[in-house]
Amino acid sequence: MNTLLRIDSSLRTEQSYSRTLGDYFIQQWEIKNPDGIIMERDVTQQLIPHITQQTVNAFFSENPDTESIHLSDELINELYQCNEILITCPMYNYGIPSSLKAYFDSVIRTKKTFTGNTSLKGLLENKKAYIISSMGGMSPGIHNPLENHLTLLFNHIGITDICYFPLNGTVVDEISNAEKIALQQSEILKQLN
């Protein structure tokens, strides 16, 4: 039985391009996985605090203060429970939302999600990730910064099987946003079938 972890990071709970496409993805995933389990984590509604020196100290301690890393352990446990991960992510100021960055700061932990100092090895292998990203503008010749950043983070913890569904240029009128969404919906159908 497949388990999917959905992580939303748009501040918009309504009229969000990434969430809307994420909802479509979930509908199609449920058709393919009628007995599947979906776990949901909304990092804008269930705020994850930025890590502190106390948290970092606990990450590296042999006898950590469990209260300071309780949420980190919970988030990591969700990652281990799932087979697939869906991230919906808008671009804010040329990067991922700070709430999503706080999430990754909490789950990228030595001896928990990766090992090694000079030669790193991710511990969350054999999982598949899907990234739905949305950006208002897109400069010619510039690679999608959200995909690049999230790919690095996923690779660090061992996830290398990643599919991308970008909604680029949502404020550009060359083609309508409805057409852009329809195009990515067809890509989702291809990936899930």
Side-chain angles (χ1 to χ4, degrees), residues 1-13 16 18-19 21-23 25-26 29-30 33 36-92 95-117 120-134 145-165:
M1 179 186 323
N2 280 345
T3 300
L4 174 73
L5 172 61
R6 175 181 179 167
I7 302 169
D8 288 308
S9 61
S10 175
L11 292 173
R12 293 180 180 181
T13 55
S16 162
S18 60
R19 285 179 190 269
L21 196 55
D23 292 343
F25 180 97
I26 292 296
W29 190 90
E30 288 178 320
N33 300 277
I37 296 170
I38 297 174
M39 300 184 298
E40 295 187 13
R41 172 75 56 182
D42 187 328
V43 296
T44 65
Q45 302 298 310
Q46 305 157 305
L47 291 178
I48 296 167
H50 293 281
I51 58 175
T52 64
Q53 180 68 52
Q54 180 183 4
T55 309
V56 172
N57 290 346
F59 284 175
F60 291 97
S61 172
E62 291 297 322
N63 299 302
D65 169 15
T66 55
E67 185 177 324
S68 64
I69 59 170
H70 174 73
L71 179 58
S72 172
D73 289 340
E74 179 184 326
L75 298 174
I76 290 170
N77 188 44
E78 288 176 355
L79 287 170
Y80 275 101
Q81 287 178 41
C82 71
N83 311 91
E84 300 175 83
I85 303 159
L86 168 66
I87 290 196
T88 68
C89 178
M91 180 171 73
Y92 294 149
I96 65 174
S98 63
S99 56
L100 188 57
K101 175 69 166 69
Y103 172 86
F104 277 103
D105 286 344
S106 291
V107 300
I108 296 178
R109 279 176 56 192
T110 186
K111 299 180 184 174
K112 293 286 188 175
T113 56
F114 75 94
T115 59
N117 292 323
L120 300 177
K121 176 173 174 38
L123 299 176
L124 290 165
E125 297 174 308
N126 302 317
K127 294 183 187 292
K128 186 172 185 106
Y130 305 92
I131 298 172
I132 293 174
S133 61
S134 62
L146 303 178
E147 291 177 0
N148 292 342
H149 192 174
L150 291 170
T151 297
L152 288 170
L153 296 172
F154 272 134
N155 288 178
H156 193 86
I157 59 177
I159 300 170
T160 57
D161 187 359
I162 305 170
C163 295
Y164 308 94
F165 307 106

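Because the structure is a prediction, the values reported are computed rather than measured.
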Can you name the closest pair of heavy atoms from [X] and [Y] and give their distance?
X    : Y    : result
Q46  : E40  : OE1-O, 4.3 Å
M1   : G36  : CG-CA, 4.1 Å
I48  : A102 : O-CB, 3.5 Å
L146 : P90  : CD1-C, 3.7 Å
I162 : I159 : CD1-O, 3.8 Å
A58  : I69  : CB-CG2, 3.5 Å

With distance as the sole test, does [X] use its side chain to make a donor-acceptor pair with the main-chain N or O of [Y] at under 3.5 Å?
X    : Y    : answer
S9   : T88  : yes
S18  : S133 : no
R109 : F59  : no
R19  : S10  : yes
K127 : I85  : no

About how many Å separate [atom2] of [Y] and [atom1] of [X], when rounded to the nearest 0.5 Å?
X    : Y    : atom1 : atom2 : result
N77  : E74  : CG    : CD    : 8.0 Å
M39  : I7   : CE    : CD1   : 9.0 Å
W29  : R6   : CH2   : CZ    : 12.5 Å
I96  : Y103 : CD1   : OH    : 11.5 Å
E125 : I157 : CD    : CD1   : 11.5 Å
N33  : I26  : CG    : CD1   : 10.0 Å

Kindly indicate whether the side chain of [X], heavy atoms from C-beta on, has any atom under 4.5 Å from the side chain of [Y].
X    : Y    : answer
L75  : L79  : no
I37  : Q81  : no
S72  : T55  : no
T113 : I76  : yes
P49  : L71  : yes
C89  : L150 : yes

Practice item. Could you check whether the rings of F165 and F25 sit parallel, tilted or perpendicular, using 30° and 60° as the cut-offs? Key: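 Plane angle between 30° and 60°, so tilted.
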Check your understanding: NZ of K112: more than 12 outside heavy atoms within 6.0 angstrom?
Key ->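 No.
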Practice item. For K101, look at atom NZ and say whether over 12 heavy atoms of other residues, nucleotides or ligands are found less than 6.0 Å away. Key: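 Count not over threshold, so no.
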Review point. So, T44 versus D42: side-chain donor-acceptor pair below 3.5 Å or not?
Key: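 Result is yes, a qualifying pair exists.
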Point to revise | Polar side chain donor-acceptor pair, Y164 to T151, under 3.5 angstrom | key: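 Result is yes, a qualifying pair exists.
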Practice item. Test side-chain contact (heavy atoms from CB on, under 4.5 Å) on L124 and F154 and set out the steps. Key: CA-CA 9 Å; L124 290 165; F154 272 134; over 6 Å; no
